[in-house]
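Below: one structure, written as structure tokens.
Here is the naming used below: chain letters follow the sequence lines, and residue numbers restart at 1 for every chain.
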Protein chains: 2
Amino acid sequence: MTSISCETCPLRRKSFFRPFEEEQIDFLARFKSGELTVDPGTHILIEGSTAPQFYTVLDGMGLRYKTLENGRRQVINFLFPGDLVGLHAGLLGEMKHSVEATTAMRLCVFKRDDLWTLFRNQPSLAYDVTWITATEEHFLGETVATLGQRTGTQRVAWALLKVYQRLRALDIGKEGEVPLPYRQQDMADALGLSLVHTNKTLARLRERQLASWGEGRLRIPDVDTLAEVALADAALPDMRPLL
Amino acid sequence: MTSISCETCPLRRKSFFRPFEEEQIDFLARFKSGELTVDPGTHILIEGSTAPQFYTVLDGMGLRYKTLENGRRQVINFLFPGDLVGLHAGLLGEMKHSVEATTAMRLCVFKRDDLWTLFRNQPSLAYDVTWITATEEHFLGETVATLGQRTGTQRVAWALLKVYQRLRALDIGKEGEVPLPYRQQDMADALGLSLVHTNKTLARLRERQLASWGEGRLRIPDVDTLAEVALADAALPDMRPLL
DNA sequence: GGGGTGTATGTCGTAGTTTAATGCAGGGTC
DNA sequence: GACCCTGCATTAAACTACGACATACACCCC
């Protein structure tokens with residue numbers, strides 16, 4: 001298993017989309033109450049539940065998803081070391097989505113009740129938490145815009161790019177290559193595309209040497225070119241049989 | 001102009017999706033610094049700007065949107081009395097989306113710097129703000145799921161339903177009918193559909209007597225039936241010419 | 001009058017879904 | 001070893017929901 005660690009950083013150290021100030025890094029570490037290790041495939045939280053604790057991801061990757069009434073699944077976002085998990089249960093009364101680990105995952109556990117205590121004693125904590133949720137809200141806004149306004153090819157390129165940048169900002173992987181331990185079905189559910197179409201789109205991106213994702217590794221030879229595709233690629237015609 | 005007021009409630013009084021505790025209602029009213037009235041069509045905030053204040057909507061309606069690099073527009077959500085506007089500018093450094101009034105609008109103005117002061121002196125404020133952003137994040141999650149996994153008909157039905165419920169919870173309009181001062185283009189941009197397709201879908205919903213939206217008024221004869229459509233309507237065939 | 005804006009409907013092409021079949025690896029059991 | 005699972009990537013063929021385009025109509029304002 002490739003090393004996907006963020007040992008020195010109970011929350012994320014820094015991130016392209018969610019840049020933390022140095023002073024904010026360890027704000028939650030002060031009241032860590034334990035650790036949890038889970039196997040790949042474990043469902044850490046289920047929508048509707050009211051867990052008495054929340055977590056930060058220390059190590060490993062996962063995803064947040066929702067199941068709709070019609071049985072379909074929407075992946076809200078991917079989870080990386082440093083992400084905050086399960087705050088909704090405390091804030092809204094119950095979880096509004098589920099969380100699943102796609103690799104072995106190590107989590108830092110916090111008691112839900114501690115949050116309110118610390119909000120009172122340590123106002124800067126509240127500042128930070130507000131900041132985090134506002135940042136996540138911003139990311140969700142970008143996702144809404146992508147699902148609403150971009151074509152399939154753009155969506156796939158956009159997702160790969162965002163994930164790559166996010167991981168690189170966390171110093172995970174190396175220049176041009178990062179681990180990406182998800183199934184194509186996960187990506188499809190995240191982008192609102194069918195598995196088949198996602199697969200074909202990935203194949204086309206691979207052909208064009210823009211991005212190649214397989215065996216849990218994502219390679220992006222030229223980030224800038226992929227960015228162009230993500231933002232404004234004219235939808236290419238599907239590959240047709242030669243005869 | 002229909003009365004769309006929330007006079008006694010600087011923040012929202014209550015909301016189906018964002019239910020406030022009584023004690024949390026006036027938390028921002030304590031440091032209100034002025035009022036602002038704008039005409040319909042006014043752009044209150046522009047993405048990229050760094051406004052020195054933020055607002056709550058006292059009266060009127062509007063929308064939050066993003067403009068993409070390809071020129072397309074995504075409406076993030078609709079704004080109603082009680083909504084919080086412009087917090088991002090303070091939290092993330094700059095606005096990540098624009099805000100436009102679609103009716104005459106009265107806003108309550110707050111100084112951005114006051115927020116941090118009050119976070120320090122009044123921790124319960126921080127609790128409330130965190131709660132608000134978490135709630136908005138939850139709503140965005142639902143939007144992502146809708147854009148990603150539902151058909152055009154379901155999306156339109158879903159949006160009309162949500163807007164209706166939200167407005168009724170604010171005691172705006174009356175049983176079965178609420179004001180909805182938006183253009184079809186706004187709805188289309190919110191749902192990631194073309195104007196034409198949105199229009200035709202609305203026509204079909206009207207035909208089926210599920211919802212009729214025109215002249216700035218939305219009428220829903222039977223909420224439950226519309227909800228069924230929103231969640232699981234088998235996509236109906238488009239109307240075909242008889243011959 | 002003409003121009004701008006918003007709603008309404010029709011035709012047609014295509015970007016997408018659905019369904020299905022195939023291949024291919026790992027893992028258990030005899 | 002041969003066997004049969006189960007999970008995931010891949011490719012093909014058929015169908016369709018949706019967008020693009022064109023057009024018409026109503027209204028308002030200069």
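Here the C1' atom of nucleotide C:dA15 and the CZ atom of A:Arg150 are 17 Å apart, to the nearest Å. Look at CZ on B:Arg204: it is 14 Å from P on C:dA8, rounded to the nearest Å. The CD atom of B:Gln154 sits 9 Å away from the P atom of D:dC18 (whole-angstrom rounding). In this structure, A:Gln149 places its CD atom 10 Å from P of D:dA20, rounding to the nearest Å. Between B:His197 atom NE2 and D:dT16 atom P there is a gap of 14 Å when expressed in whole angstrom units. In this structure, CE of B:Met187 is placed 15 Å from P of C:dG6, rounded to the nearest angstrom.
By the side-chain hydrogen bond (donor to acceptor under 3.5 Å, both in side chains) test, A:Ser49 pairs with no residue at all, sequence neighbours left out. In this structure B:Tyr182 satisfies the ring-ring contact (aromatic ring centres under 6.0 Å, His included) test together with B:Phe78, sequence neighbours excluded. For B:Arg150, the salt bridge (charged side-chain N to carboxylate O under 4.0 Å, His left out) partners are A:Glu69, not counting sequence neighbours. A:Lys96 pairs by the salt bridge (charged side-chain N to carboxylate O under 4.0 Å, His left out) definition with A:Glu94, not counting sequence neighbours. In this view, B:His97 and B:His88 satisfy the ring-ring contact (aromatic ring centres under 6.0 Å, His included) rule, not counting sequence neighbours. Judged as a side-chain contact (heavy atoms from CB on, under 4.5 Å), and not counting sequence neighbours, the contacts of B:Arg219 are B:Glu177, B:Ser212, B:Arg217. Partners of B:Arg72 under the salt bridge (charged side-chain N to carboxylate O under 4.0 Å, His left out) rule, at least two apart in sequence or in another chain, do not exist in this structure. Not a single salt bridge (charged side-chain N to carboxylate O under 4.0 Å, His left out) links A:Arg206 to another residue, sequence neighbours left out.
Looking at A:Thr42 and A:Glu100, their side chains never bring a donor and an acceptor atom within 3.5 Å of each other.
Note on A:Arg155: every side-chain N or O is 4.0 Å or more away from OP1 and OP2 of C:dG16.
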Go along nucleotides 6-11 of chain D 5' to 3' and tag each nucleotide: B for a protein heavy atom under 4.0 Å from its base, S when only backbone or sugar atoms are that close, - otherwise.
--SSBB

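Note on B:Arg183 versus B:Asp189: no salt bridge recorded, every NZ/NE/NH1/NH2 to OD/OE distance being 4.0 Å or above.
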Just the table, please: protein N/O against nucleotides 23-27 of chain C N/O, every pair under 3.5 Å.
none

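For residues 191-215 of chain B, no residue pair satisfies the ring pair (Phe, Tyr, Trp, His ring centres under 6.0 Å) rule, not counting sequence neighbours.
Within the nucleic acid shown, A:Gly41 has no heavy atom closer than 4.0 Å to any nucleic acid atom.
Over its length, the helix from C:dG1-D:dC30 to C:dC30-D:dG1 turns its helix axis by 20°, as judged from the five terminal pairs at each end, rounded to 10°.
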